**Student:** 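First the structure, then my questions, so here it is.
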Amino acid sequence: MTRSRRVFALDLGTTKVCCAIAELDSTGLRVIGVGEAVSRGIRKGAIIEIDRAAEAVAEAVDLAEQMSGVPVDSAVVGLAGTSITSQNSRGVVAVSAGHREVRDADVTRAVEAARAVSVPSDRKILHVLPQQFTIDGQEGVRDALGMAGTRLEVDAHIITGTNTAIQNVIKVVHKAGLDVDDLVLQVLASAEAVIGEDELDRGVIVADIGGGTTDLAVFAKGSIIHTAVIPVGGNHVSGDLAVGLRCDLETAEATKRAYGHCLQLTLPADAEVKLTPMGYDEPVNVPQRFLAEIIGPRAREMAQLIAEQVEQAGPPSSFPGGIVLTGGGALLRGFVEVVQQVTDLPARVAAPMGVHGMNDEISGPHHATVVGLLRWGARGRLGRSVDLTGRVQNGNGHHVGSGFGRWLRELF
Ligand SMILES: Nc1ncnc2c1ncn2[C@@H]1O[C@H](COP(=O)(O)OP(=O)(O)OP(=O)(O)O)[C@@H](O)[C@H]1O
Ligand SMILES: [Mg+2]
């Protein structure tokens, strides 16, 4: 198996760092190694301690290498955090004289023009995601190639991150002994793994509920229209439980996973959970409904924050595909119902699709990002006729940050 048939992905999460290795074969993307380490040095998606984060990356990479017997020298890396912002931009170019038909080069120039939007000097463009084309005034063109016309415009969604946040991620990966093949916004990778083409066309919201943040990507009419990072995630639920139950975080986390629920009244009144609060020698019985009493308000707050972002993006009728919840936080029992109630949109929990092998290791919602990164990397390997991507230079002068979604590739 040659290097070019292999794909390596690295998800730097707030709770876990996950490395996955896959091979492209006749059956698609086959996962051959997965390694996971407890995250450290990363808070709310941002690197806060380079050495400790690099340690966690090296640990996850080692485990994936051991499992697969394949060395990892570079990876497609997911990026997140509150330093990420997005804006819309428009690029306008004249279609090259002579052929009066839109060609690859024209589309590339239009996207480059959209990319030339003014971005503060402390930020870099991570992605330029084309939304729609306009040819000689005719809006809503999804596939511009081959169309007749003289003036080509593109509306694009531009995602930027601060130089420092991007450089710190690259430093961590280098320190762990790897190069960065590509930097991809984590929620775009998650979306790549959990939604289908039809949902994308109908309009859908992907919410990746991680440990420290909830990351949103909103799609309508086949393209991305809004992204947001909400600085609240599953760890806040565990934190609330630790306070409410007067126990340590570890006990709170384990109790949440085993017995946590958002909806009190769906639980039997006599159901009890055994746990040992701080300062107690013996476990005590706590009604399961009491856990829900603590979890419920936080879950509703998170759903409310999601609803506010969705409102900013457009009316509910724009999103018949509803809300697709993924990330480990989506496993919280009753949360999908709370999101449905608060947003008045259909909601479902989704696990990643589109790879096979290692089902036990990589099939949960908390693996959506790493699976999406694998798919992203595989697409890069397969090559594209048009490279219309946001590019960021890394420390070695290599281009990084050159991915964009399947939904956009489809446009060309
Ligand atoms: N069975 C479960 N029930 C409820 N919550 C769960 C369950 N399993 C995991 N979680 C929660 O999911 C969160 C971690 O999710 P995930 O692994 O997707 O985060 P991450 O990618 O490390 O973080 P981030 O994306 O915020 O950087 C934690 O808060 C954890 O408590
Ligand atoms: Mg995550």
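Note that ligands are numbered from 1 as they come in the structure, with each ligand's atoms numbered from 1 the same way. All figures in this text were calculated on a predicted structure; none of them were measured in a lab.
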**Student:** Can you list the ligand 1 atoms lying under 4.0 Å from a non-hydrogen atom of Thr213?
**Tutor:**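 The list of qualifying atoms is 26 (O).
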**Student:** Can you name the side-chain contact (heavy atoms from CB on, under 4.5 Å) partners of Asn88, sequence neighbours left out?
**Tutor:**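 Per chain and number, Asn88 pairs via side-chain contact (heavy atoms from CB on, under 4.5 Å) with Gln131, His157.
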**Student:** Any atoms of ligand 1 less than 4.0 Å from a non-hydrogen atom of Gly234? List them with their elements.
**Tutor:**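 Answer, ordered by atom number: 29 (O).
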**Student:** Below 3.5 angstrom, do we get any N/O pair linking Gly211 and ligand 1?
**Tutor:**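 Among all N and O atoms of Gly211, at least one is under 3.5 Å from an N or O of ligand 1.
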**Student:** Could you check whether Arg90 pairs with Glu153 (Lys NZ or Arg NE/NH1/NH2 to Asp/Glu carboxylate O, under 4.0 Å)?
**Tutor:**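 Yes, this pair counts.
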**Student:** Can you tell me the protein heavy atom closest to atom 22 (O) of ligand 1 and the distance?
**Tutor:**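 It is Thr15 OG1, 2.5 Å.
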**Student:** Mark yes or no for whether Arg300, through its side chain, and Val338, through its backbone, hold a donor-acceptor pair below 3.5 Å.
**Tutor:**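 Not a single qualifying donor-acceptor pair exists.
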**Student:** Under a 4.0 Å N-O cut-off, is there an ion pair linking Arg257 with Glu253?
**Tutor:**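 Salt bridge flag = yes for Glu253 with Arg257.
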**Student:** Select one of side chain, backbone, both or neither to describe which atoms of Lys44 lie under 4.0 Å from any atom of ligand 1, heavy atoms only.
**Tutor:**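 For Lys44, there is no contact with ligand 1 at all, from either part.
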**Student:** Which atoms of ligand 1 have any heavy atom of Leu332 under 4.0 Å away?
**Tutor:**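 In order of number, 3 (N), 4 (C).
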**Student:** Check this for me: does any side-chain nitrogen of one of Arg348 and Glu199 sit under 4.0 Å from a carboxylate oxygen of the other?
**Tutor:**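 Looking at Arg348 and Glu199, the cut-off is met.
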**Student:** How far is atom 18 (O) of ligand 1 from the closest protein heavy atom, and which atom is that?
**Tutor:**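 Going by distance alone, atom 18 (O) of ligand 1 is nearest to Gly328 N, 2.8 Å.
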**Student:** Any nitrogen or oxygen of Asp208 lying under 3.5 Å from a nitrogen or oxygen in ligand 1? Just yes or no.
**Tutor:**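 Between Asp208 and ligand 1, no N or O pair is found under 3.5 Å apart.
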**Student:** Among protein heavy atoms, which sits nearest to atom 17 (O) of ligand 1, and what does the distance come to when rounded to 0.1 Å?
**Tutor:**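 Result for atom 17 (O) of ligand 1: Lys16 NZ, 2.8 Å.
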**Student:** Quick one: look at Lys256 and ligand 1, take heavy-atom pairs under 4.0 Å, and tell me if it's side chain, backbone, both or neither.
**Tutor:**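 Near ligand 1, Lys256 shows its side chain, while the N, CA, C and O stay back.
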**Student:** Below 4.0 Å from any atom of ligand 1, is there a heavy atom belonging to Gly329?
**Tutor:**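 The answer is yes, since Gly329 has a heavy atom less than 4.0 Å from ligand 1.
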**Student:** Testing Ile158, Leu79, Val184 for side chain to side chain contact (heavy atoms under 4.5 Å, CB included) with Leu126, which one passes?
**Tutor:**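 Answer to the side chain to side chain contact (heavy atoms under 4.5 Å, CB included) test with Leu126 among Ile158, Leu79, Val184: Leu79.
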**Student:** Measure from the side-chain N and O atoms of Arg298 to the backbone N and O of Val237, and report whether any donor-acceptor pair falls under 3.5 Å.
**Tutor:**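 No, because the side chain of Arg298 does not come within donor-acceptor range (under 3.5 Å) of the backbone of Val237.
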**Student:** Regarding Arg109 and Asp106, does a basic nitrogen lie under 4.0 Å from an acidic carboxylate oxygen?
**Tutor:**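 Salt bridge between Arg109 and Asp106, a charged N being under 4.0 Å from a carboxylate O: yes.
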**Student:** Run the side-chain contact (heavy atoms from CB on, under 4.5 Å) test against Gln340 and tell me which residues pass, sequence neighbours left out.
**Tutor:**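 With neighbours one apart ignored, the set is Ala347.
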**Student:** Do any nitrogen or oxygen atoms of Gly45 come within less than 3.5 Å of a nitrogen or oxygen of ligand 1?
**Tutor:**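 In fact, backbone or side chain, Gly45 has no N or O that close.
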**Student:** Suppose we measure from atom 1 (N) of ligand 1 to each protein heavy atom; which comes out shortest, and what is that distance?
**Tutor:**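 So the nearest neighbour among protein heavy atoms is Leu331 CB, 3.7 Å.
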**Student:** Is Arg123 atom CZ crowded by more than 12 heavy atoms from other residues, nucleotides or ligands, each under 6.0 Å away?
**Tutor:**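 Enclosed.
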**Student:** Looking only at N/O atoms, are Gly13 and ligand 1 under 3.5 Å apart anywhere?
**Tutor:**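 Between Gly13 and ligand 1 (N or O atoms, distance only) the closest approach is not under 3.5 Å.
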**Student:** Under 4.0 Å from a heavy atom of Gly212: which atoms of ligand 1 are those, numbered in the order shown and with their elements?
**Tutor:**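 Answer, ordered by atom number: 26 (O).
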**Student:** Give the residue and atom name of whichever protein heavy atom lies nearest to atom 31 (O) of ligand 1, and the separation in Å to one decimal.
**Tutor:**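 Its nearest protein heavy-atom neighbour is Glu253 OE2, 2.4 Å.
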**Student:** Examine Asn235 against ligand 1 and note whether any of their N/O atoms are separated by less than 3.5 Å.
**Tutor:**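 N/O-N/O distance below 3.5 Å exists for this pair.
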**Student:** I need the nearest protein heavy-atom contact for atom 25 (O) of ligand 1: residue, atom name and distance, please.
**Tutor:**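 For atom 25 (O) of ligand 1, the nearest protein heavy atom is Gly210 CA, 3.6 Å.
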**Student:** Hey, are Ser190 and Thr326 close enough side-chain-wise for a donor-acceptor pair under 3.5 Å?
**Tutor:**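 On atom types as modelled, these side chains do not qualify, holding no pair under 3.5 Å.
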**Student:** Which ligand 1 atoms, with their elements, are less than 4.0 angstrom from a heavy-atom of Gly327?
**Tutor:**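 Listed by number with element: 18 (O).
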**Student:** Apply side chain to side chain contact (heavy atoms under 4.5 Å, CB included) to the pair Ile230 and Ile306, showing each step before the final yes or no.
**Tutor:** CA-CA 8 Å; Ile230 299 169; Ile306 294 174; 4.2 Å; yes
**Student:** Looking at ligand 1, would Ala80 count as a contact under a 4.0 Å heavy-atom criterion?
**Tutor:**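 So Ala80 does not count as touching ligand 1.
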